[in-house]
Amino acid sequence: MPERIDRNLSLELVRVTEAAAMAAARLMGRGDKNAADHAAVEAMRIALSSMNMDGTVVIGEGEKDEAPMLFIGEKIGTGQPPKVDIAVDPVDGTRLLSLGLPNAISVVALAEQGTLYDSPGVFYMNKIAVGPDAKGSIDIDRSVAWNLRSIAKAKKMDVSEVTVVILDRPRHEHLIREVREAGGRIKLITDGDIAGAMMTALEDTGVDVLMGIGGAPEAVVSACALKCIGGDMQCRLHPRNEEERQKAIKMGANLDELFDIDKLAKGSNVFVSLTGITNGELVEGVKYHEKYVETHSLVMRSKSGTVREIHARHSIDKLMKYSEIPFLTKEGEGRSE
């Protein structure tokens with residue numbers, strides 16, 4: 001049985017995503033997504049290591065040989081109870097951040113040990129996700145037109161008012177055509193389908209449904225967030241080629257299996273924190289002022305269904321006196337008075 005978690009860990013996780021966002025934000029628009037990602041990973045690792053938990057990274061930056069920090073299987077935290085699974089995406093939208101585009105976020109999800117899904121060698125999933133108002137109205141096995149009509153009915157809208165967020169990829173040409181033929185509106189995003197999935201569940205984003213093929217790890221993190229908010233999601237594994245298909249089958253994967261939120265995030269007590277790096281529909285990005293840095297975060301917990309919005313001011317001068325995290329770049333050291 002998963003170990004019971006009594007603390008509201010989302011309130012501790014927000015320090016983690018704030019740290020990663022502030023570390024990465026100074027590299028906004030620099031054109032170097034690897035440097036920005038590295039800064040966020042380093043900051044997130046340091047912040048996570050101080051949390052009282054016995055954590056294992058189940059969704060991270062890759063295998064140990066590819067990722068020196070926050071790799072899959074890495075132990076994180078102080079080693080004290082509770083035992084937890086951790087899914088990290090230090091920068092969801094590294095390309096967005098490197099170009100100074102909207103909707104780059106830092107996000108962490110956490111749940112009881114053994115409850116977060118780990119895809120067997122398949123890195124993509126076909127997805128459909130909606131918010132609470134359209135919960136129960138989606139079916140990934142039905143047509144795009146059927147789903148748009150069903151979502152419109154649930155939300156008391158006309159199909160022509162339903163907005164679909166889709167990753168702008170050549171593989172989605174047919175999907176885009178189907179949405180247009182059905183009469184729906186489209187919002188194309190270049191990256192960041194965790195943010196895309198969450199847009200469907202939060203008011204004032206103007207997005208009603210996410211459709212298309214995106215990352216399998218991102219699907220798990222999205223499911224954690226939607227479980228907290230009360231949304232709905234269905235996915236199927238999508239091998240990129242025959243080699244990946246055969247490898248997955250040998251590892252015991254059922255490629256016909258339908259994954260809903262409760263299969264992707266089985267735990268009853270899921271925690272999520274995300275902090276904006278660049279401005280977007282979900283959260284505002286990191287902002288710099290003369291004496292402080294401002295962040296905007298969302299923290300949530302599935303057990304209570306609580307979603308908190310946190311605006312914070314951080315004194316970088318004070319943080320730099322005790323923190324291991326290099327919040328200032330070399331160019332920013334010795335800020336002018």
Side-chain angles (χ1 to χ4, degrees), residues 33 89 91-99 101-105 119 121-131 134 137-152 155 157-201 205-223 226 231-248 253 255-260 264 280-282:
K33 62 182 183 180
D89 200 336
V91 182
D92 178 41
T94 52
R95 181 174 174 274
L96 300 176
L97 175 57
S98 70
L99 297 176
L101 295 172
N103 290 317
I105 61 174
S119 61
V122 180
F123 301 101
Y124 285 84
M125 280 183 160
N126 189 21
K127 315 173 188 179
I128 181 169
V130 292
S137 67
I138 57 174
D139 187 339
I140 201 169
D141 292 324
R142 290 182 176 263
S143 68
V144 168
W146 183 93
N147 277 285
L148 293 187
R149 289 194 301 268
S150 181
I151 294 165
K155 301 191 74 169
M157 303 167 70
D158 189 84
V159 170
S160 65
E161 299 168 336
V162 175
T163 300
V164 187
V165 64
I166 302 171
L167 278 171
D168 188 6
R169 299 288 189 273
R171 62 178 178 263
H172 288 146
E173 288 180 3
H174 182 69
L175 172 61
I176 291 169
R177 185 165 59 250
E178 286 189 277
V179 173
R180 288 171 175 166
E181 290 173 353
R185 305 170 73 230
I186 295 174
K187 177 183 176 65
L188 291 176
I189 56 175
T190 59
D191 298 277
D193 63 345
I194 295 175
M198 290 190 64
M199 286 179 202
T200 69
T205 65
V207 171
D208 302 295
V209 55
L210 169 94
M211 290 182 174
I213 298 163
E218 287 83 356
V220 177
V221 178
S222 299
L226 291 172
D232 200 0
M233 188 175 193
Q234 293 182 358
C235 305
R236 273 206 174 86
L237 292 170
H238 184 85
R240 291 173 292 181
N241 49 49
E242 185 60 27
E243 181 182 354
E244 192 169 282
R245 175 184 294 274
Q246 292 303 320
K247 181 180 178 181
L255 299 180
D256 295 322
E257 184 175 2
L258 177 68
F259 291 90
D260 59 13
L264 294 169
E281 285 91 341
L282 288 177

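Positions are given from 1, in the same order as the sequence printed here.
Residues Leu282 and Met199 form a side-chain contact, since some pair of their non-hydrogen atoms from C-beta on lies under 4.5 Å apart. Residues Ile166 and Val179 have side chains in contact (heavy-atom distance under 4.5 Å, counting atoms from C-beta outward). Looking at Arg169 and Asp191, their side chains come closer than 4.5 Å, going by heavy atoms from C-beta outward. Side-chain contact check for Leu264 versus Cys235: some heavy-atom pair is nearer than 4.5 Å. Considering only heavy atoms from C-beta on, Val130 stays 4.5 Å or farther from Asp208 through its side chain. Residues Met233 and Ser222 form a side-chain contact, since some pair of their non-hydrogen atoms from C-beta on lies under 4.5 Å apart. Taking the side chain as every heavy atom from C-beta outward, Tyr124 and Arg171 approach each other to under 4.5 Å.
At distances below 3.5 Å, not a single donor-acceptor pair connects side-chain atoms of His172 with backbone N or O atoms of Gly212. Under a 3.5 Å cut-off, the side chain of Thr163 and the backbone N or O of Val207 do not form any donor-acceptor pair. Between the side chain of Ser137 and the main chain of Ala134, a donor-acceptor pair closer than 3.5 Å is present. Judged by distance alone, the side chain of Ser150 and the main-chain N or O of Trp146 form no donor-acceptor pair under 3.5 Å. In this structure, the side chain of Arg236 does not engage the main chain of Met125 through any donor-acceptor pair within 3.5 Å.
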Could you go step by step and tell me if Glu242 and Lys247 meet the salt bridge (charged side-chain N to carboxylate O under 4.0 Å, His left out) rule? CA-CA 8 Å; Glu242 185 60 27; Lys247 181 180 178 181; over 6 Å; no
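Of the inter-residue distances, the one linking Leu148 atom CG with Arg142 atom CZ reads 13.5 Å to the nearest 0.5 angstrom. One distance of note links CG of Asp232 with CG of Asp260; it measures 7.5 Å at 0.5 Å rounding. Distance check, rounded to the nearest 0.5 Å: NZ of Lys127 to CG of Leu210 gives 7.0 Å. Here CD1 of Ile189 is found 9.0 Å from CD of Glu281. Values are rounded to the nearest 0.5 Å. To the nearest 0.5 Å, atoms NE2 (His238) and CD (Glu244) are separated by 9.0 Å.
Taking each heavy atom of Ile138 and Asn147 in turn, the nearest pair found is CA-OD1, 3.3 Å. The shortest non-hydrogen separation linking Leu226 to Ala129 is CD1-CB, 3.9 Å.
Across Val159, Thr200, Val209, a single residue satisfies side-chain contact (heavy atoms from CB on, under 4.5 Å) together with Ile151, and that is Val209.
Remark: Glu243 CD is loosely packed, at most 12 non-hydrogen atoms of other residues, nucleotides or ligands lying under 6.0 Å away.
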